[in-house]
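Side chains included, hydrogens not; waters and symmetry mates left out as well; all remaining heavy atoms used. Just so it is clear, the structure is predicted and the values come from calculations on it, not from any experiment. We're numbering straight along the sequence, starting at 1.
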Amino acid sequence: MNFDFDDDQREIKRTAHDLLASRSSWERVREAAASGSYDAALWTELSELGWPGIAVAHEHGGQGLGLVELCVLLEETGYAGAATPLLSTALAAVAIQEAGSPEQQAQWLPRLASGEIIGALGTAVDGVGELVADGGDAAVIVLVEDGAARLLTPQDAEIEPVAAIDATRRFARVSAQGGEPLPGDVDAALDKAAVAVSAELVGICQRALDMSVAYAKDRKQFDTPIGAFQAVAHKCAQMLKQTEGARAATYHGAWAADASPELLAEAASIAKAAASEAGREVTSSAIQVHGGIGFTWEADVHWLFKRAQIDAAFLGGAGTHRRRLAALLAGRAVASRS
């Protein structure tokens, strides 16, 4: 059995990595964060390449690929810290494709897939999504509460901008005033979204690890690279372990979504639990490896740390998904005995 990417997936990953390395430097990320707006030229280019619709079916204007390919792209945008609405738009498209009616799919998916409009996905309590990424810019918002989802336009909601720890994204508080229900499988839509967010966290972890290892090789104390000291070497080794564990769990979840949907619920919770924990811990460790400079505004690791904190909590953190996984496994055990 081959657990690696196929040739097309490797080419997607290589192309995405190279493009973002040239188009989304830390300088460009800082400019976007300072201006409070996205890199419009980058978003236009990504839209022209079909990234927002990579997992959208051909009949709705997408590329007709799967969640694995979407995760490949999101891992690279996480690695780059790219300031774009790709994640939010892709998640809205995933939710509408999975749970929307044929009419809702026909109305929204072609424009989301082309990047013509921005979408957003959020969770709500008592009709209010407190922190919805790109909620203020979205033409369509999917708001999920207690296993049910509503499709909102800006006219169906009260939207207030919110300043969040991650300045590379734009957030809003969304209060539903109307909208229409999504009649399909909302749980499956959320599971696919959780796997997609996990992929971005994997990219964040990998970049934090790469930056930390490079710094540990370059920074010297007593004429010795700090990476030669056990305390630093062991921390980097633990970062590698957590990153690879999150990557394996995430791509298992993406594979399940595409090839074995009966395993998706469990696989999605495993992925999000692993990636949420890794995201928090790996980026925190990266700041520690960088030492005193790691706490400064000039050190770029803080962008990764901040994004990881919000991604880790979005759609449920590690504790939430471990509890869900325990319940799923207990239910399976009961069913097998009956």
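Rounded to the nearest 0.5 Å, atoms CZ (Phe295) and CD (Gln288) are 6.5 Å apart. Asp210 contributes atom CG, which lies 11.0 Å from atom SG of Cys205 (distance to the nearest 0.5 angstrom). Between the CE atom of Met211 and the CG atom of Leu304 there is a distance of 6.0 Å, given to the nearest 0.5 Å. Rounding to the nearest 0.5 Å places CD of Glu200 at 4.5 Å from CD1 of Ile204. The CH2 atom of Trp26 sits 5.0 Å away from atom CZ of Arg207, with the distance rounded to the nearest 0.5 Å.
Heavy-atom minimum distance, Trp255 versus Leu263: CZ3-CD1, 4.1 Å. Between Asp8 and Asp6, the shortest heavy-atom distance links the atoms N-OD1, 3.1 Å. Heavy-atom minimum distance, Val128 versus Ser175: CG2-OG, 3.8 Å. Nearest heavy-atom pair, Ser101 versus Pro183, reported as atom, atom and distance to 0.1 Å: N-CD, 3.7 Å.
Between Arg111 and Val140 the shortest side-chain heavy-atom distance does not fall below 4.5 Å. Counting heavy atoms from C-beta outward, His321 and Ser276 have side chains that stay 4.5 Å or more apart.
Classified by interplanar angle (parallel below 30°, tilted 30° to 60°, perpendicular above 60°), the ring pair His17/Tyr79 is tilted.
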> Given Leu121 and Val94, is the side chain to side chain contact (heavy atoms under 4.5 Å, CB included) satisfied, shown in steps?
Replying inline: CA-CA 10 Å; Leu121 171 70; Val94 165; over 6 Å; no

> What do the steps show when you test Glu69 against Gln63 for side-chain hydrogen bond (donor to acceptor under 3.5 Å, both in side chains), and what is the final call?
Replying inline: CA-CA 10 Å; Glu69 287 78 13; Gln63 297 194 40; over 6 Å; no

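In this structure, the side chain of Arg30 engages the main chain of Glu298 through a donor-acceptor pair within 3.5 Å. Of the possible polar contacts, one joining the Gln104 side chain to the Pro181 backbone as a donor-acceptor pair under 3.5 Å is found. Between the side chain of Lys272 and the main chain of Ala312, a donor-acceptor pair closer than 3.5 Å is present. For Asp258 (side chain) and Leu67 (main-chain N/O), a donor-acceptor pair under 3.5 Å exists by modelled atom type.
Classification of Asp7 and Arg10 as a salt-bridged pair holds, one side-chain N sitting under 4.0 Å from a carboxylate O. Ion pairing of Lys192 with Asp185 is absent here, as no side-chain N (NZ or NE/NH1/NH2) approaches a carboxylate O to less than 4.0 Å. We find that Glu244 and Arg247 are joined by a salt bridge, their nearest charged nitrogen and carboxylate oxygen being less than 4.0 Å apart. A salt bridge between Arg169 and Asp311 is present, with a side-chain N of the basic residue lying under 4.0 Å from a carboxylate O of the acidic one.
Applying the 6.0 Å contact sphere to CD of Gln230 captures no more than 12 heavy atoms from other residues, nucleotides or ligands.
Side chains of Gln105 and Gln97: a donor-acceptor N/O pair is absent below 3.5 angstrom, by distance only.
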